[in-house]
Amino acid sequence: MDLEIPITSGKSQGSGEYFARFGYVLVHVLTGLIMETFPSQSHRGRLRNETVTTVTFGDSTTRNIAIGCGRKNQGLFRGSAGLLGLGGKSLSFPSQINSPSFSYCLVDRYATSASTLEFGSLAIPSDAITVPLLRNSKMDTFYYLGLTGISVGGQMLPISPSAFALDQSGDGGVIVDSGTTVTRFRPEVPPGIPSVAFLFDTKTLELPDNNYFTKVAENVFCLSFATTSQRTSIIGNTQQQGMRVSFDVGRSLIGFTVVEVDKIFEEFGGFNLVAWNCMISAKFQDGNVYEGCRLFDEMPERNEVSWSTLVSGLMRYGKVEESVLYFKKNPFRDVVSWTAMINGFVKNGLNFDGLMVFRKMLNCGISPNAVTFTSVIKACIGLSDFDCGRSLLGLIVRYGFEHNVSVCNSIITLSLRMGETEVARRVFDEMEVRDVVSWTTILDVYVEIGELKEARRIFETMPEKNEVSWSTMIARYSQNDDAEEALKLYNQMVLEGFKPNLSCFSSIISASASLVDLKLGMNIHGHMIKSGMEREVFIGSPLIDMYSKCGKDEDGRRVFDFISEKNVVSWNSMISGYSLNGQLEEAEELFEQLPKRNIVSWNTMISGYIQNEYCEKVLEVFSQMLLSGENPNGFTFSSVLSACASLASLEKGKDIHGKIIKLGIHYGVFIGTALTDMYAKSGDIKSSRKVFKRMQEKNEVSWTAMIQALAENGFAEEALNLFEEMERRSAVAPTELTFSAVLFACSHCGFVDKAFRHFESMERVYGIKPKGRHYTCLVDLLARSGCLTEAEELIKAMPFQPETNAWASLLSACSTYNNEEMAERTAWKLWELSTENSAGYVLLSNIYASAGRWKDVSSVRKLMKGRNLKKIGGCSWIEVRNQVHSFYSEDGNHLRSAEIYGILEILMFEMVIV
DNA sequence: CTAGGGTTAG
């Protein structure tokens with residue numbers, strides 16, 4: 001259905017006039033039209049992402065379509081469905097607002113939370129998160145500015161992970177379209193709910209300037225951050241002064257806009273003292289330190305509340321010196337302001353100074369209260385000064401706060417940090433009144449001592465939970481690699497109406513990263529955006545990690561660029577993300593740019609080179625690292641050793657081993673295993689055995705490394721014995737890789753029966769499904785033992801596509817056992833799988849040659865030539881003074897090859913004589 | 001009857 005809505009004529013004229021008064025133009029589209037566009041029957045129960053209908057608005061230049069978000073009381077963010085940025089800090093009015101290619105839409109909040117209709121744009125900015133709330137007094141509805149995604153030609157083109165993740169979050173549909181096709185992301189839309197939408201177009205109409213928006217945003221935001229009582233207070237005040245302000249906690253967190261705040265100032269001569277204090281507090285909560293200070297300076301009179309608001313506000317943003325200065329000037333130094341000082345120091349990590357302030361306070365004759373004690377206890381915990389903590393207990397009793405709930409809560413934490421978990425439990429048990437913090441703290445006690453089951457039991461039975469309780473459990477499951485359980489809890493938490501906070505997001509995005517589930521990750525990313533936390537460093541890194549693990553390093557980069565205050569962890573995550581996706585150049589570039597590298601940065605870069613098989617680079621970076629003065633740790637060494645193993649560079653490996661001993665680094669499982677492997681790969685099996693023997697702690701990887709080491713160095717029986725020892729000890733279970741090594745060993749001894757026995761036990765005893773390489777081992781074993789038919793049958797019986805190596809092994813055995821007929825068959829099979837495998841051609845032609853079938857030899861050669869293949873010769877190399885020299889058979893490419901061949905002749909001559 | 005300081009997770 002096509003709908004032509006002329007934007008520059010007819011009905012919209014009135015709208016133009018209306019909005020012209022505000023300095024910009026909006027187009028008002030009435031519900032009727034919308035409901036016509038989306039008749040109720042047609043969209044009920046339909047699937048997501050379905051093209052609903054074709055809508056054309058306006059002419060080509062003013063054509064703007066958007067689709068809305070959220071549905072009231074549905075989805076994950078109940079009551080605030082579709083509200084982007086609500087309660088978040090990351091309000092940024094994008095500079096692109098003046099860019100003609102972008103247009104923005106204002107959408108009626110309730111309309112969109114009820115139905116899917118909005119108007120968007122042809123193009124949407126990539127940082128699609130900006131959402132200030134505006135209240136239009138004339139319409140008495142709330143609006144938000146929503147920027148989302150883009151689709152061109154009906155195809156969804158998410159231009160940022162933000163935009164796309166927004167779609168994925170499931171609690172609101174978003175966007176689409178170049179102007180002809182609207183794609184709806186909500187499965188059903190309840191009919192009959194009025195919708196109102198506004199949009200303004202940057203191409204044809206003037207926009208309000210940035211200042212206007214910034215001002216609106218700031219002030220709205222400021223109030224959105226205020227507590228309920230702060231807002232109630234402001235309303236109370238303004239109402240007293242005769243102004244009518246509508247405010248409904250149940251409906252919205254946003255009470256009013258800057259327009260009204262300004263009006264209050266203009267028409268009523270400003271706030272009274274209480275309202276001033278509220279405004280200052282709200283400014284600080286919003287992170288606007290400058291504005292908070294300005295308001296403080298400008299206010300006509302101040303009381304103790306104003307002063308302590310300022311002092312704590314400054315402390316919260318790390319402005320310790322300024323805060324102290326103001327504290328000194330403060331004429332009303334009461335308990336609260338002293339406590340604010342103590343806590344401010346503690347917040348900034350200056351625990352000792354906090355305690356000093358406490359002492360000074362006592363010296364000044366000010367009596368501490370319960371809040372003071374909670375702060376001082378925190379300082380002791382921060383300092384790990386448990387003697388001080390103990391002496392505080394006496395003071396608490398003297399001032400009579402031993403039954404105070406908050407003080408007891410702090411004592412529980414103190415006891416936990418002191419390692420006195422039983423004391424913690426006793427304090428908890430003896431409390432007469434417990435609050436949600438008490439329960440959460442005792443929950444944490446069990447989580448900390450690793451009694452997750454007991455913690456879970458407490459969690460299930462505690463009388464009240466808050467978001468910290470949920471976070472505690474979720475974080476722990478996530479840390480214990482139980483991502484599924486973490487997610488289950490997360491979903492449950494959201495369903496029960498709790499809003500995930502920063503720390504919860506951090507855990508849950510790590511969990512989804514470990515599941516490598518992009519859709520899930522984006523879903524959660526969408527929640528983050530809607531909570532306005534997208535720019536936080538704390539969730540940025542796991543988010544980068546998630547995108548990178550899912551192969552979306554570019555999206556990871558967008559997240560990275562978007563973090564407002566990056567730290568070294570963010571940089572490391574991004575570097576690791578790039579190398580995970582093979583983008584080593586980008587990783588290197590970032591590594592170079594990284595302002596301050598830490599040990600993890602170096603390790604990340606090193607393991608990046610390993611993953612991408614640039615082993616020489618590893619040693620290079622490692623020496624750079626030593627030069628820079630950074631001390632390598634266990635991770636560094638195990639990576640560097642594995643590089644040495646790949647290079648089969650015994651000299652380097654020994655050198656590294658020496659460094660490890662010199663630095664006195666403890667031989668953990670990782671280093672031990674890496675050493676075992678390195679020595680084995682470099683051919684020094686004796687040292688390999690020695691290291692393995694000395695390892696105090698061994699895991700399945702260590703055992704596997706040793707078994708493989710023995711098998712590959714011709715000690716197959718010893719390898720098998722070691723495996724049996726491993727099975728007997730049953731402390732560690734063999735893995736897939738262990739079995740590869742074991743079968744390899746069997747194959748080298750010709751132990752057919754043993755091999756089949758182990759192979760069979762894989763699934764039966766250990767529940768490991770055999771993979772291609774295990775079958776290949778068996779095929780190889782059968783073929784080498786001359787059981788060609790059995791080998792061929794095994795290949796055919798494999799439950800999946802056999803590896804090319806399986807065919808190659810068989811072919812090679814056909815050659816050994818002169819089975820021409822099977823060789824031909826096998827060679828063709830091999831070529832079917834891989835035309836580039838030159839070994840097949842060579843083998844077959846050799847078989848023909850030995851049978852005297854010269855015609856066939858030449859046809860195979862021709863075939864090989866026609867496919868542009870060359871025989872890959874065997875290659876040997878030797879390491880001399882840190883340089884690897886490699887040689888092929890009859891190779892004359894080496895710079896000093898004349899000399900080399902000369903020496904070789906002398907050697908040969910001497911060998912003959914001896 | 002409204003305004004300032006605090007405890008739990010990461």
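In what follows, chains are A, B, ... by sequence order, proteins preceding strands, each numbered from 1.
Taking atom CD1 of A:Ile411 as the reference point, atom C1' of B:dT8 lies 15 Å away to the nearest angstrom. In this structure, A:Arg316 places its CZ atom 10 Å from C1' of B:dG4, rounding to the nearest Å. For A:Asn343 and B:dG5, the CG to C1' distance is 7 Å, given to the nearest whole Å. Whole-Å rounding puts the A:Phe459 CZ to B:dT8 C1' distance at 13 Å. Taking atom CD1 of A:Ile539 as the reference point, atom P of B:dA9 lies 20 Å away to the nearest angstrom. Rounded to whole Å, the distance from NZ on A:Lys378 to P on B:dG5 is 14 Å. With rounding to whole Å, A:Glu536 atom CD is found 19 Å from B:dA9 atom P. Nucleotide B:dT7 holds its C1' atom 12 Å from the CD1 atom of A:Ile396, rounded to whole Å.
Judged by atom type and distance alone, A:Asn303 does not reach the base of B:dG4 through any side-chain donor-acceptor pair under 3.5 Å. Looking at A:Thr472, its side chain has no donor and acceptor atom pair within 3.5 Å of the base of B:dA9. No N or O donor and acceptor, one from the side chain of A:Thr309 and one from the base of B:dG4, sit under 3.5 Å apart.
Among residues two or more places apart in sequence or in another chain, the salt bridge (charged side-chain N to carboxylate O under 4.0 Å, His left out) test is passed with A:Arg597 by A:Glu592. Partners of A:Glu467 under the salt bridge (charged side-chain N to carboxylate O under 4.0 Å, His left out) rule, at least two apart in sequence or in another chain, do not exist in this structure. Every residue meeting the salt bridge (charged side-chain N to carboxylate O under 4.0 Å, His left out) condition with A:Arg294, not counting sequence neighbours, appears here in chain and number order: A:Glu291, A:Glu298. Considering only residues two or more places apart in sequence or on other chains, A:Glu454 meets the side chain to side chain contact (heavy atoms under 4.5 Å, CB included) condition with A:Tyr446, A:Glu451, A:Arg457, A:Ile458. Residues that satisfy the salt bridge (charged side-chain N to carboxylate O under 4.0 Å, His left out) test with A:Glu321, not counting sequence neighbours, are absent from this structure.
Ranking B:dT7, B:dA3, B:dG4 by closeness to the A:Asn277 side chain, first place goes to B:dA3. Closest to the A:Arg476 side chain, of the nucleotides B:dA9, B:dT7, B:dG10, is B:dG10.
Within a heavy-atom distance below 4.0 Å of DNA chain B, the residues of residues 360-373 of chain A found are A:Asn369, A:Val371. At a non-hydrogen distance threshold of 4.0 Å, A:Val437, A:Thr440, A:Thr441, A:Asp444 from residues 426-453 of chain A come into contact with DNA chain B.
DNA chain B contains no stems of three or more consecutive Watson-Crick or G-U pairs with both distances under 3.5 Å.
A cation-pi geometry, defined here as NZ or CZ lying under 6.0 Å from the six-membered ring centre and within 45° of its normal, does not hold between A:Lys465 and A:Phe498.
Regarding contacts with the backbone of B:dA9, every side-chain N or O of A:Gln479 stays at 4.0 angstrom or more from both OP1 and OP2.
When heavy atoms are screened at a 4.0 angstrom cut-off, A:Lys465 is found touching no nucleic acid atom at all. Across all strands, A:Arg417 comes closer than 4.0 Å only to sugar-phosphate atoms, never to a base (heavy-atom distances). Residue A:Glu304 is classed as a base contact, given a heavy-atom separation below 4.0 Å to a base. Counting non-hydrogen atoms under 4.0 angstrom, A:Ser375 reaches the backbone sugars and phosphates but no base.
In summary, the side chains of A:Thr440 and A:Ser469 do present a donor paired with an acceptor at a separation below 3.5 Å, with no hydrogens or angles considered. Between the side chains of A:Asn409 and A:Thr441, no donor N or O sits under 3.5 Å from an acceptor N or O. Remark: the A:Ser601 side chain and the A:Asn572 side chain contain an N/O donor-acceptor pair separated by less than 3.5 Å.
Here side chain to side chain donor-acceptor pair (under 3.5 Å) pairs that include residues 503-517 of chain A, with residues two or more places apart or in two chains, number zero. Among residues at least two apart or in separate chains, side chain to side chain donor-acceptor pair (under 3.5 Å) pairs with a member in residues 388-402 of chain A are A:Asp387-A:Arg390. Applying the ring pair (Phe, Tyr, Trp, His ring centres under 6.0 Å) test to pairs two or more places apart or on separate chains, those with a residue in residues 338-371 of chain A are A:Phe327-A:Trp338.
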Can I get a per-line list of side-chain donor-acceptor pairs under 3.5 Å for residues 361-383 of chain A, giving both atom names and the distance, sequence neighbours left out?
{"residue": "A:Asn369", "atom": "OD1", "partner": "A:Val371", "partner atom": "N", "Å": "3.1"}
{"residue": "A:Asn369", "atom": "OD1", "partner": "A:Thr372", "partner atom": "N", "Å": "3.0"}
{"residue": "A:Asn369", "atom": "OD1", "partner": "A:Thr372", "partner atom": "OG1", "Å": "2.8"}
{"residue": "A:Thr372", "atom": "OG1", "partner": "A:Thr339", "partner atom": "OG1", "Å": "3.0"}
{"residue": "A:Thr372", "atom": "OG1", "partner": "A:Asn369", "partner atom": "N", "Å": "3.0"}
{"residue": "A:Thr372", "atom": "OG1", "partner": "A:Asn369", "partner atom": "O", "Å": "3.4"}
{"residue": "A:Thr374", "atom": "OG1", "partner": "A:Val371", "partner atom": "O", "Å": "2.5"}
{"residue": "A:Ser375", "atom": "OG", "partner": "A:Asn343", "partner atom": "ND2", "Å": "2.8"}
{"residue": "A:Ser375", "atom": "OG", "partner": "A:Val371", "partner atom": "O", "Å": "3.3"}

